[in-house]
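For reference, the structure discussed in these notes is given below.
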Amino acid sequence: MKKIKLGIIGAGWVARQHLEIISAFDWIQAGGIISRTRSKAEDLAREFKIPVCVDSLEALVEETKPHFILPRSGTAWFPNLCKLLKKAA
């Protein structure tokens, strides 16, 4: 079965809760993560075996090729994310 790959935006408490649930299923995986605080993203990447930790939304999309983006952070990311996704469509 092909896994559904997620790109995770944010590395706080809510992201951690979602990653704990995601890790319980074998058909879904976090393919990459980005956060304003890279060290937090790196910590979650190590803990949940997320293969890619990036510094930009463009890199998240290009390097992980996610099926879905899971924004687990504030809305500050949304304008750039919307532009990026519109461009990629």
Side-chain angles (χ1 to χ4, degrees):
M1 172 191 295
K2 186 175 180 178
K3 290 188 177 190
I4 295 173
K5 193 184 314 180
L6 297 176
I8 307 292
I9 299 174
W13 183 83
V14 174
R16 174 179 294 284
Q17 301 308 304
H18 281 89
L19 287 165
E20 287 179 8
I21 293 167
I22 290 166
S23 66
F25 298 95
D26 61 355
W27 52 270
I28 191 166
Q29 72 179 41
I33 188 167
I34 183 174
S35 177
R36 289 177 298 181
T37 309
R38 183 170 178 108
S39 61
K40 288 183 179 182
E42 290 170 344
D43 290 345
L44 285 182
R46 273 191 297 280
E47 182 177 346
F48 290 98
K49 298 177 179 62
I50 302 171
V52 176
C53 183
V54 296
D55 294 314
S56 72
L57 291 173
E58 293 82 7
L60 181 66
V61 171
E62 290 174 18
E63 292 183 34
T64 65
K65 310 261 189 284
H67 296 103
F68 298 97
I69 301 284
L70 188 62
R72 299 296 81 197
S73 184
T75 58
W77 296 94
F78 288 3
N80 288 336
L81 177 60
C82 291
K83 288 177 191 174
L84 176 64
L85 295 176
K86 184 177 179 182
K87 185 174 130 180

Side-chain donor-acceptor pairs of residues 20-27 under 3.5 Å, sequence neighbours excluded:
residue, atom, partner, partner atom, Å
Ser23, OG, Leu19, O, 3.2
Ser23, OG, Glu20, O, 2.8

Kindly indicate whether the side chain of Leu57, heavy atoms from C-beta on, has any atom under 4.5 Å from the side chain of Ile9. yes
Between [atom1] on residue [X] and [atom2] on residue [Y], distance to nearest 0.5 Å:
X	Y	atom1	atom2	result
Asp55	Arg36	CG	CZ	14.0 Å
Ile28	Leu70	CD1	CG	8.0 Å
Ile8	Gln29	CD1	CD	10.5 Å

Check whether Ser35 reaches the backbone of Thr37 with its side chain - one donor and one acceptor, N or O, closer than 3.5 Å. yes
Under the rule for ring-ring contact (aromatic ring centres under 6.0 Å, His included), what residues qualify as partners of Trp13, not counting sequence neighbours? none
Exercise: identify the closest heavy-atom pair between Ala41 and Ile33: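 Result for this residue pair: O-CG2, 3.8 Å.
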Apply the side chain to side chain contact (heavy atoms under 4.5 Å, CB included) test between Ile69 and each candidate in Thr64, Ile34, Leu60; give the one that qualifies. Leu60
Under the salt bridge (charged side-chain N to carboxylate O under 4.0 Å, His left out) definition, can you give me all pairs with a residue in residues 2-12, not counting sequence neighbours?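 Qualifying pairs: none.
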Which donor-acceptor pairs under 3.5 Å do the side chains of residues 42-53 make with protein atoms, sequence neighbours left out?
residue, atom, partner, partner atom, Å
Glu42, OE2, Arg38, NE, 2.7
Asp43, OD1, Arg46, NH2, 2.6
Glu47, OE1, Arg16, NH1, 2.7
Glu47, OE1, Arg16, NH2, 3.1
Glu47, OE2, Arg16, NH1, 2.8

